[in-house]
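Keep in mind that what you see is a predicted model, and the values were worked out from it rather than measured.
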Amino acid sequence: MILRNKLILSGILVALLFTACSTKKDALINRKWHALNTKYNTLYNGNIAFDEGRTTLNDTYQDDYFETLPVERLAVSDEIKLDSEDNNPNFLRAEEKATKAIQRHSMDIKNVERNPQTDEAFLLLGKARYFDERYMPALEAFNYILNKYTESDKLNEANIWREKVNIRLQNEDLAIKNLKRLFKFEQLKDQEYADARAIMAQAYINLNAPDTAVQNLKIASYYTKKNPEKGRYYYIIGQLYNQLGYKDSANYAFDKVIDLNRKSPRVYMINAEIEKLRNTEVTADNKEEIFEYLSDLEENRENRPFLDKIYRQIAEFHLEQASDSLAIDYFNKSLRATQNKPKLNALNYENLAEYNFDESSYKTAGAYYDSVLTNLNENTKKYRSIKKKLDNLEDVIKYEDIVQYADSVITVYDMPKEDRLAYFGKHIEDLQKAKEAAQKKEKDRITDGFVAFNKSKGGKENKGKFYFYNITSLGYGQNDFKNKWGNRELTDDWRWSDKSVRATSDDLAQNGATVTDTLSAVSDDEKFSLEYYMDRVPTDVAIIDSLKTERNFANYQLGLIYKEKFNEYLLAADKLEYVLASDPEERLVLPSKYNLYKIYEEVGSPLKETMKADIIANHGDSRYAEILLNPQAVLADNSDSPEKRYEALFKQFNDQHFLQVITGAEENINRYTGDPIVPKFEMLKANAIGRLQGFEPFKEALNYVALTYPNNPEGKKAEQMVEEQLPKLELKEFSPETDSKGTSNWKVVFPFKRSHDDQALKLMELLKKSIKDLRYKNNVSKDIYNLEDEFVVVHGFKSKDFALGYAELLKNNRDYRVADENFVVLSDNYKVIQVHKNLEDYKNTLLTPKP
């Protein structure tokens, strides 16, 4: 009987359960079943996944405090996301659970939703898509709630999320319009009202209306009950006030952030304190107070995660107080403390670069500028500005090295022998002291290490054992080796981490150096020998004169770089004045004076008129004097301008007057030294040399342009040609001249002496007539070979037999009777002949019959 009752009861329960599972029956049990299952099963798991996704985002997201913070902490990739793309797995799981809740538990009966949890499922669906950056699907979910569930208690929340999506889609005006309507017609809870005001503030920030954004953020910070949000809103208010130029109001906002203390994330408080310090002018009255405040920030243990920014602020304080060494020390501390903050790194490196540049440490400055670039996005104005500065600095480094080397050699050369001996003696003494100090430091380090190990438990247990059987000592030795040398394989020359940097004596000899010219190869006996240094002082006056010439040109180039590219007029004037005082070449005198005149004019120096009078009196027939006397007339009549001269030379180049181009270019290079057009003349000259003299002189001329003008378009073009075109032109081998019809191009070449140019011109006319008469499609040209020889060339034969037939026809046809010497050549081989000027090699290789 009991069993029977149990079975009946179980059957009833199963029937009720089966009936309740239906989503098409509008009964109380059905509604309660699906609502409870949605809330405590599917949506519960979906919300857990969503919260985990939000936590992951918050943990990985880093705010950029150098820009105005966004109201919402969300990293946006600005990429178009598809539904099929896998992003954050937690949000995908939340979306999956929301979709499952809708598909299995939605009770849409007679167009009315009977499950009160379905709107929450759509809300979760939209939020998961929003944080996955799939805004259009998210917008669809929020709009569905607003259109379908008009009686839902989630309507206001859905409205707010929809406007978040609109702002992400850059529909700020629409979002503001909808939010204003929401404020007017709906009754919002405090937190909802705070959220709505905050996202409206974001819309106004995007529309560059900071004053209106401030008002909305103030309201949001008042109504929100979440202290982390309050701290963020106050901080953004401070940033916006700074943007508007109201520093007092900004500091008031930052004080509110600081007052929250541990109630909001500490990162807001630290950055607020730093921003407040930046807004405070340092005076004699408050200097000590600000320094103590910064010291307290540095010493507070809770601030350790933020020491990178604190160190930077301390560095800026010391820099403002002209305590350069302390500033440099703290910039370096900031760099060491920084983790994955490229903008902060870039700022620190830039400060260090500028300091070293001002101190004339150009190599160090260049290295720091290079580090700035590695921490900047390439597609930014800042990156392009720093890149240009670094490119200019490369020239500065090159020329400063030349000046420094020449000055040092000339200074030692000018010393009496006794002073020279004393100078090198002091140098050797310093080297010996440095060596002894290094040896003592190394000895102390090893001794202290072993003492520490002997005092340890492991040291006592292994005491008295041979080193390689003493586990502790052996372990210390291994660690010490790794600390000093890193991980090295057991190979020859194991000290070299990169074997490619080793230079053999042969390598050095090829570069005009000996082993003893490198510091690493100099033995201790030589380092500490007076004779070693004395023997290396030049004794030839010609070498010293050459160094003085190089120094003057380098100083002149530095003067132009400082003037034109860095606007460092005092440095530029110093360099150019030094040039004039150093008995320079004649070609540097006038341009140095003219550039000094322009500098004096720029800085308002009274020396301007003196320099102008000097140029007019001593160089009255120069172009510079003409410009000074009557600048308007010179501008109006530019028939003899550098540009016109270049155009005339370029025309001569196209007419193959290469010798005239070379001499004309040299004349204009000397005439316009320092003018921006000089690299163009140099490049034209290099091309003319290549056409007239062949590969090796062309290679040398191109390298000169590339090395002398590395930052000019011509220098870059020359460098590109050296890297890409010269290797292709370098091959001297001739191709075998097999007659493959239709795949090769052949030429008939008639050699002439250039002194017989009139005969060559007559032949050209005859050849053109023959081509016209025979209805060929070939063309004829006159090509310069070298200073003495030229070619008349008929181009465009598709086979060797065709070319030989044409030459034979000219020889035997009574209308032409061309008896001049000629030969048939493959086009590729003709190119080799012209590039390397090796016609005789070609004749001996391919034209001379083999025995």
Can you confirm whether or not the ring centre of [X] sits under 6.0 Å from the ring centre of [Y]?
| X | Y | answer |
| --- | --- | --- |
| Phe142 | Tyr130 | no |
| Phe50 | Phe131 | yes |
| Tyr355 | Tyr368 | no |
| Phe331 | Tyr349 | no |

Using a strict 4.0 Å threshold on nitrogen-to-oxygen distance, state whether [X] and [Y] make a salt bridge.
| X | Y | answer |
| --- | --- | --- |
| Arg266 | Glu302 | yes |
| Arg162 | Glu157 | no |
| Glu275 | Arg278 | yes |
| Glu394 | Lys398 | no |
| Lys598 | Glu601 | yes |
| Lys343 | Glu67 | yes |
| Glu163 | Arg181 | no |
| Lys387 | Asp391 | yes |
| Glu95 | Arg134 | yes |

For this session: Might you point out which heavy atoms bring Ile205 and Ala213 nearest each other, and give the distance in Å?
Result: CG1-CB, 3.6 Å

Exercise. Is Tyr369 close to Leu393 at the side-chain level, that is, under 4.5 Å between some pair of heavy atoms?
Worked result: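 Yes, their side chains come closer than 4.5 Å.
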
For this session: Check whether any side-chain heavy atom of Glu72 sits under 4.5 Å from a side-chain heavy atom of Gln202, and report yes or no.
Result: no

For this session: Would you please test Asn348 and Ser334 for side-chain hydrogen bond (donor to acceptor under 3.5 Å, both in side chains) and show each step?
Result: CA-CA 7 Å; Asn348 286 325; Ser334 178; 2.8 Å; yes

Exercise. Does the ring-ring contact (aromatic ring centres under 6.0 Å, His included) test come out yes or no for Phe254 and Tyr234, once each step is laid out?
Worked result: CA-CA 7 Å; Phe254 292 136; Tyr234 287 143; over 10 Å; no

Exercise. Where does the angle between the aromatic ring planes of Phe357 and Phe566 fall among parallel (under 30°), tilted (30 to 60°) and perpendicular (over 60°)?
Worked result: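 Because their plane-to-plane angle lies in the 30° to 60° range, the rings of Phe357 and Phe566 count as tilted.
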
Exercise. Going through the checks in order, is the ring-ring contact (aromatic ring centres under 6.0 Å, His included) test met by Tyr135 and Trp161?
Worked result: CA-CA 11 Å; Tyr135 300 124; Trp161 278 96; over 10 Å; no

For this session: Identify the residue among Arg232, Lys263, Arg262 that makes a side-chain contact (heavy atoms from CB on, under 4.5 Å) with Asn227.
Result: Lys263

Exercise. Do Asn377 and Thr380 pass the side-chain hydrogen bond (donor to acceptor under 3.5 Å, both in side chains) test, and can you show the C-alpha distance, the side-chain angles, and the key distance before you say yes or no?
Worked result: CA-CA 6 Å; Asn377 189 327; Thr380 59; 5.6 Å; no

Exercise. Could you go step by step and tell me if Gln239 and Asn242 meet the side-chain hydrogen bond (donor to acceptor under 3.5 Å, both in side chains) rule?
Worked result: CA-CA 5 Å; Gln239 286 185 308; Asn242 269 341; over 6 Å; no

Exercise. Given Lys575 and Glu400, is the salt bridge (Lys or Arg N to Asp or Glu O under 4.0 Å) satisfied, shown in steps?
Worked result: CA-CA 11 Å; Lys575 292 294 182 182; Glu400 286 288 356; 3.4 Å; yes

